[in-house]
Amino acid sequence: MSNKPSIPQGTRDFGPEEVRKRQYIFNTIRSVFELYGFQPLETPAMENMETLMGKYGEEGDKLIFKILNNGLNDPKNQDKSRSGFEKVMEGKNSKDLTERALKYDLTIPFARYVAMNHGQLTFPFKRYQIQPVWRADRPQRGRYREFYQCDADVVGSKSLLNEVELVNIYNEVFTQLGLTGYELRINSRKILAALAEFCGGADKMIDITTAIDKLDKIGLDKVKEELAQRGLNEEQINTIEKYLLIDGSNEEKLNQIELLLGHLEIGKQGIEELEIVNRESGPGLAGSNLIIDFTLARGLNYYTGIIFEAKAPATVKMGSIGGGGRYDDLTGLFGVPNIPGVGISFGVDRIYDVLKDLDLFPEGVYTGTQVLFFNMGVAESSKAFSTMQLLRKQGVRCELYHEQAKMDKQFKYAEKKNIGFIVIIGSTEVQNNTGVVKNLKTGTQQTVPLADLSNKLFI
RNA sequence: GAGGUUGUAGCUCAGUUGGUUAGAGCGCUAGAUUGUGGUUCUAGAGGUCGAGGGUUCGAAACCCUUCAUCCUCCCCA
């Protein structure tokens, strides 16, 4: 029976305090995006199925939340519904059963938007987008079925200046949030492509990248094992091992990769890109927070150039808190070729968990109401109400206790809501046109004429 | 999709080999205290032991099923 209400697996309610903390993260990210000249965009929660399918790889397709069509039981649809169901049972998709799905990320809907509106847009188009996305994944630490992404993308520009700006956006946001120990790992898909070309051919690229991506998790030996399982021979695996053993500062890594893959045209391009981004991203940033990592692969198969992954400080064991990269032709998927782009994403829900673990939320996040007016009776509360309205006009956040009650109760209400000040207007005060202002943190109080009440008293 | 963990009061959790009426702390309500909270003291309310079935003279405990939860793998933010 279980009459208890519940919410779907992997979703969450956010109480007042949580919302405030999340808002703090959103506002920080939004203000940095705006600072760098990005403009807001919102797209629907759901997209047509064909917009999403096939864009995230085979695994990704399975994780898309599909929406059942309405009217399946309508007599004139029943045959279609049945045959559609048969198709679904075979693992295929059927428009007769589902033609819409919840969006899986913000990049593909954005690409769809650009493809639809490229005639009207001014390029390069820089947009940011802060919205929830949904994945039918099994929930666990740092993984939810509904979560927010904050994306910033630039389309219509091949300049590496964009990558450099995005690196600095990451740095600015994480620094403002106090997350100074973050790591921004970068690599280039072109280097990975060069490696694949050098040993095994381009068709082995996905096999190679998914295996080496796990290096820090499972270790070199296991990676070699997995490569062998995926059909690479010993010579090829040895080359990959050399590749994986590249280490040192960013500059040292670049020198070593030059020796290994610099002779290939695509490798040369990738190395040059990394070199530029590393050099231009700013003194103090490159090499400490910005780390060139040749094992970084990233799953999304539309990336073609520089790729990013932001990681929380190793101590919190959270993994990726953001990611992104360059794609040469995302809108080509929607019939509008030759619009290159590059973008990044912040995972707010994980950043929230990390800030909580590290106790990095500032004090000010918790404040709501500044002043509580005590309710001392009908005539008294009427006076309190009109006084309160005047204060509200000055921008002071205040409230009047909802009913006449013992002072004890009203005090406790203020305390629980973390309200810093109370104002008592009782019969004596009504007569004298005064109020007793008490600072609950220090315990001090003073009687002041109501006309003198102002926001200065409540700081 | 595969594997595991936990589910007892509003919250955090005890509960012995299966044995009478299931406990504690915190919180809540009321009083001590009719205009001054946080401290203290006193009293009180609050449980179909996640749900359903089974074993047993007897189940919170053992078995099966199911749901939820958290975690690991896969993959990802």
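Chain naming here is simple, since letters A, B, ... match the order of the sequence lines and numbering starts at 1 in each. Just the heavy atoms: all of them, side chains too, but no hydrogens, waters or symmetry mates, feed the values below. This structure is a prediction, so every number in the text was calculated from the model and none was measured.
When the C1' atom is compared between B:A68 and B:G23, the two are found 25 Å apart, to the nearest whole Å. As rounded to the nearest Å, B:G53 and B:G15 have C1' atoms that lie 25 Å from one another. Remark: the separation of the P atoms in B:G44 and B:A60 is 26 Å, to the nearest Å. Here, B:G4 and B:G46 have their P atoms 41 Å apart, quoted to the whole Å. Annotation: B:U42 and B:G47 have their P atoms spaced 24 Å apart (nearest Å). A distance of about 15 Å separates the C1' atoms of B:U21 and B:G58, rounded to the whole Å. As rounded to the nearest Å, B:A45 and B:U56 have C1' atoms that lie 35 Å from one another. Separation of the P atoms belonging to B:C70 and B:C75 is 22 Å when rounded to the nearest angstrom.
Evaluation of atom-type donor-acceptor distances gives no pair under 3.5 Å for the side chain of A:R138 against the base of B:C75. Contact of A:R135 with B:C75 (side chain to base): no donor-acceptor pair of N or O atoms is detected under 3.5 Å. Side chain A:E429 to base B:G35: a donor-acceptor pair is found below 3.5 Å. With hydrogens and angles left out, the side chain of A:Q9 and the base of B:U69 share no donor-acceptor pair within 3.5 Å.
In a base pair of the Watson-Crick type (N1 to N3 plus N6-O4 or O6-N4) or a G-U wobble (N1-O2 and O6-N3), with each distance short of 3.5 Å, B:C41 is matched with B:G31. Base pairing of B:A59: no nucleotide in any strand meets the Watson-Crick or G-U wobble criterion (both distances under 3.5 Å). Nucleotide B:A22 forms a pair with no other nucleotide shown, judged by Watson-Crick or G-U wobble geometry with both contacts under 3.5 Å. In this structure, B:U6 and B:A68 make a Watson-Crick or G-U wobble pair, each of the two defining distances being under 3.5 angstrom.
Using a 4.0 Å heavy-atom criterion, one finds that A:K416 contacts the sugar-phosphate atoms exclusively. Base engagement by A:G443 is indicated by at least one non-hydrogen atom pair under 4.0 Å involving a base atom. Using a 4.0 Å heavy-atom distance criterion, A:G142 is classed as a base contact. Among the atoms of the strands shown, base atoms are found under 4.0 Å from some heavy atom of A:G426. Using a 4.0 Å heavy-atom distance criterion, A:L440 is classed as a base contact. Among the heavy atoms of the strands, none lies under 4.0 Å from A:K62. At the heavy-atom level, A:S427 lies under 4.0 Å from base atoms of the strands shown. Counting non-hydrogen atoms under 4.0 angstrom, A:Y148 reaches nothing in the nucleic acid. Looking at heavy-atom distances under 4.0 Å, A:V133 makes no contact with the nucleic acid at all. Residue contacts for A:S345: at a heavy-atom cut-off of 4.0 Å it reaches no nucleic acid atom on any strand shown. Across all strands shown, A:D105 has no heavy atoms under 4.0 Å from either base or sugar-phosphate atoms.
Minimum atom distance to the side chain of A:T428 is reached by B:G35, of the listed B:G35, B:C74, B:G38. Distances were taken from every side-chain heavy atom of A:K217 (C-beta onward) to each of B:G35, B:C76, B:A77; the shortest belongs to B:C76. You'll find that the side chain of A:I424 is closest to B:G35, out of B:A30, B:A77, B:G35. Which of B:G38, B:C75, B:U72 sits closest to the side chain of A:K412 comes down to B:G38. Nearest nucleotide to the side chain of A:K214, out of B:C75, B:G35, B:A77: B:C75. Set against B:G38, B:C71, B:A30, the side chain of A:R141 has B:C71 as its closest nucleotide.
Here B:A77 presents its P atom at 19 Å from NZ of A:K317, a figure rounded to the nearest Å. Per the geometry, CD belonging to A:Q129 stands 15 Å off C1' belonging to B:A77, to the nearest Å. Put simply, CG on A:D349 is 13 Å from P on B:A77, counting in whole angstrom units. Distance CZ (A:R145) to C1' (B:C75): 14 Å, rounded to an integer number of Å. Whole-Å rounding puts the A:E415 CD to B:G27 C1' distance at 13 Å. We find that CZ of A:R143 is positioned 10 Å from P of B:A77, with the value rounded to whole Å. With rounding to whole Å, A:I422 atom CD1 is found 14 Å from B:G35 atom P. If you measure from atom CD of A:Q410 to atom P of B:U33, you get 20 Å, rounded to the nearest angstrom.
Counted within 6.0 Å of CD on A:E42, heavy atoms from surrounding residues, nucleotides or ligands total 12 or fewer; the atom is thus considered open. Counted within 6.0 Å of CE on A:M46, heavy atoms from surrounding residues, nucleotides or ligands total 12 or fewer; the atom is thus considered open.
Each of A:L72, A:I67, A:L68, A:V88 was scored for a side-chain contact (heavy atoms from CB on, under 4.5 Å) with A:T98, with one residue passing: A:L68.
The phosphate of B:A77 (OP1 or OP2) has no side-chain N or O of A:K311 nearer than 4.0 angstrom.
Checked by atom type, the side-chain pair A:S157/A:N162 shows a donor-acceptor distance below 3.5 Å. Side-chain N/O atoms of A:Y144 and A:D353 include a donor and acceptor closer than 3.5 Å. A donor-acceptor pair shorter than 3.5 Å can be found between the side chains of A:N433 and A:K383.
Projected onto RNA chain B by closest heavy-atom contact, A:Q140 and A:E309 fall at different nucleotides, the more 5' of which corresponds to A:Q140.
Panel note: side chain A:Q410, backbone A:N375; a donor-acceptor pair is recorded below 3.5 Å.
Taking the six-membered ring where the residue is Trp, A:Y401 and A:Y413 present perpendicular rings, their angle passing 60° and hence far from 30°. The aromatic rings of A:F411 and A:F374 lie perpendicular to each other, with more than 60° between the two planes, well past the 30° mark.
Stacking between A:F411 and B:G38 is absent: the ring centroid is not both under 5.5 Å from the six-membered base ring centre and under 30° in plane angle.
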